[in-house]
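Values below: every heavy atom of this structure, side chains too, minus hydrogens, waters and symmetry copies. Keep in mind that what you see is a predicted model, and the values were worked out from it rather than measured. Just so we're on the same page: letters track the sequence lines, and every chain starts at 1.
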Number of protein chains: 2
Amino acid sequence: MARVGLTPDRLARAGAELADEIGFDQVSASALARRFGVQVASLYAHVRGAHDLRSRIAQVALDEMADRAAEALAGRAGHDALVALATVYRDYAREHPGRYAASQYRVDPGSPAVDAGRRHTELTRAVLRGYNLDEPAQTDAIRLLGSVFNGYIGLELGGSFAHSSPASDESWPRILDALDSLLRSWTKS
Amino acid sequence: MARVGLTPDRLARAGAELADEIGFDQVSASALARRFGVQVASLYAHVRGAHDLRSRIAQVALDEMADRAAEALAGRAGHDALVALATVYRDYAREHPGRYAASQYRVDPGSPAVDAGRRHTELTRAVLRGYNLDEPAQTDAIRLLGSVFNGYIGLELGGSFAHSSPASDESWPRILDALDSLLRSWTKS
DNA sequence: TGCACAAACCTAAAGGCTTTAGGCAACCGA
DNA sequence: TCGGTTGCCTAAAGCCTTTAGGTTTGTGCA
């Protein structure tokens, strides 16, 4: 009965890896316990249950994405910053589909993952600094960008763009250019 | 042992109702069997399994949305058509959150739900007729609109817009106006 | 009318996931 | 080194999925 050294954090990180390997919705306390060579019930000393586990994985993903985004945005503005942020999300989703799926998990209010969400909002707001938008247009624009990123990546990952041309890789930069030009002329619309 | 009259179709429709009541991911063969007052195993004569059941519910939702969209688009063009299509999706999602969630279910290639997806693409293409876009811009625009609709509704339903002003109801029409103006000037971007 | 066959629904059972309760053992501080 | 806390274990109940095989119901044809 050697101790493995489980902690909520290690479970969440291992869960994130597992999600990338077998898909987020296949991640279960059982599968995770198996991976640690431990009985399922042992996990319940560290995590409140399956929902708690999934929420923690979501948080891992949201934090990782925000870290990458913050790094990518440093020293960039305008079109450059927009493309950088968009690229971070899309690349992350392609590298880590399970984690990305986790980041979409409905987490309940009061959870620390809500703060991670706020961080993403602020990063998007930072991108918009280059476009000089006043409220409420700025909030509208944040919501638009969030919608496009989430929406495009979700559809692409789901294969919706796989069987038509042009390739999804080609649409993406053109759509970002269009958004850039939209943001530059937002007030005139 | 009165026969209830199960069919794949009735199961799918009842599953759609159940999804709106308890949430799509809570829909199970068990819950559905309970609702029909029937043993679980009986369902397996009509659906291949849980995945098949969920796919059929997804199809019900996609078809219903496409029907509504087709009706809403009749006789409309340009900005009017854009708003009409967007409104159909958003209203449907708010009236039937479970069904809407079902419509996002990853259905496997070859399934008839793929055709339903194509129908939505064509409806979006119809909206774009009012904007005179050539390929590949037209496909880009279809993908952009799909992304915004899916993305915005998903975030809104998840509560991402609930705790900031302006209200989500106010951002939505302004975002649609911005998209309209983007589409009108797409080639110039 | 009556019979035969197909379909609809049933019971039984195996296997997996979640969660709770209670027990033993390993580690840490005194 | 000893006591307590914590980490992991066994046991067990409850729910979901899926398969196998039985029985009833209803329909169509003679």
Side-chain angles (χ1 to χ4, degrees), chain A residues 1-60 98-99 101-102 104-108 111 113, chain B residues 1-60 98 101-102 105-108 111 113:
Chain A
M1 320 212 155
R3 298 199 176 181
V4 184
L6 301 181
T7 66
D9 244 60
R10 282 195 65 192
L11 287 177
R13 282 200 298 270
E17 282 173 29
L18 196 54
D20 286 334
E21 292 167 22
I22 64 176
F24 180 63
D25 35 286
Q26 301 306 312
V27 172
S28 64
S30 291
L32 203 50
R34 228 173 286 132
R35 154 157 308 207
F36 276 105
V38 140
Q39 292 301 312
V40 197
S42 305
L43 301 200
Y44 282 76
H46 306 281
V47 190
R48 278 198 306 280
H51 175 62
D52 185 34
L53 174 63
R54 294 200 183 96
S55 299
R56 285 171 193 273
I57 298 175
Q59 171 118 33
V60 165
R99 284 160 146 97
Q104 308 285 66
Y105 187 68
R106 294 275 172 278
V107 78
D108 26 38
S111 139
Chain B
M1 316 208 159
R3 299 200 174 180
V4 185
L6 300 181
T7 66
D9 244 60
R10 281 196 66 192
L11 286 176
R13 281 199 299 271
E17 281 174 29
L18 196 54
D20 285 334
E21 292 167 24
I22 65 176
F24 180 63
D25 34 287
Q26 301 305 313
V27 173
S28 63
S30 291
L32 205 49
R34 228 174 286 132
R35 154 158 310 208
F36 277 105
V38 141
Q39 294 300 314
V40 197
S42 305
L43 301 200
Y44 283 76
H46 306 280
V47 275
R48 278 197 305 281
H51 174 63
D52 184 35
L53 174 63
R54 294 200 182 96
S55 300
R56 284 170 194 273
I57 298 175
Q59 170 119 32
V60 166
Y105 188 69
R106 294 276 172 278
V107 78
D108 27 38
S111 139

Measuring from [X]:[atom1] to [Y]:[atom2], what's the distance to the nearest 0.5 Å?
X: B/His46; Y: B/Leu11; atom1: NE2; atom2: CG; value: 6.5 Å
X: B/Arg56; Y: B/Arg10; atom1: CZ; atom2: CZ; value: 15.0 Å
X: B/Arg106; Y: B/Ser55; atom1: CZ; atom2: OG; value: 12.0 Å

How long is the line joining [atom1] of [X] and [atom2] of [N], in whole Å?
X: A/Arg54; N: C/dC17; atom1: CZ; atom2: C1'; value: 10 Å
X: A/Asp25; N: D/dC16; atom1: CG; atom2: P; value: 18 Å
X: B/Arg10; N: C/dA8; atom1: CZ; atom2: P; value: 12 Å
X: A/Leu6; N: C/dA26; atom1: CG; atom2: C1'; value: 14 Å
X: B/Gln26; N: C/dT18; atom1: CD; atom2: P; value: 13 Å
X: A/Leu43; N: D/dT6; atom1: CG; atom2: C1'; value: 15 Å
X: A/Gln39; N: D/dC8; atom1: CD; atom2: C1'; value: 9 Å
X: B/Arg3; N: C/dC9; atom1: CZ; atom2: P; value: 6 Å

Would you mind classifying the nucleic acid contact of [X] as base, sugar-phosphate or nothing, using non-hydrogen atoms under 4.0 angstrom?
X: B/Ser28; value: sugar-phosphate
X: B/Val40; value: base
X: B/Ala29; value: sugar-phosphate
X: B/Ala31; value: nothing

Distance test, side-chain N/O of [X] to OP1/OP2 of [N], below 4.0 Å:
X: B/His46; N: C/dA7; value: no
X: B/Arg34; N: D/dC16; value: yes
X: B/Ser30; N: D/dT17; value: yes

Which nucleotide, [options], lies nearest any side-chain atom of [X]?
X: B/Ala50; options: C/dT18, C/dT11, D/dT17; value: D/dT17
X: A/Ser42; options: D/dT19, D/dC9, C/dC10; value: D/dC9
X: B/Val4; options: C/dT19, D/dT17, C/dC9; value: C/dC9

query: Does a side-chain heavy-atom distance below 4.5 Å link B/Tyr105 with B/His51?
result: yes
message: Is it the case that atom CZ in A/Arg48 sees more than 12 heavy atoms from other parts of the structure closer than 6.0 Å?
response: no
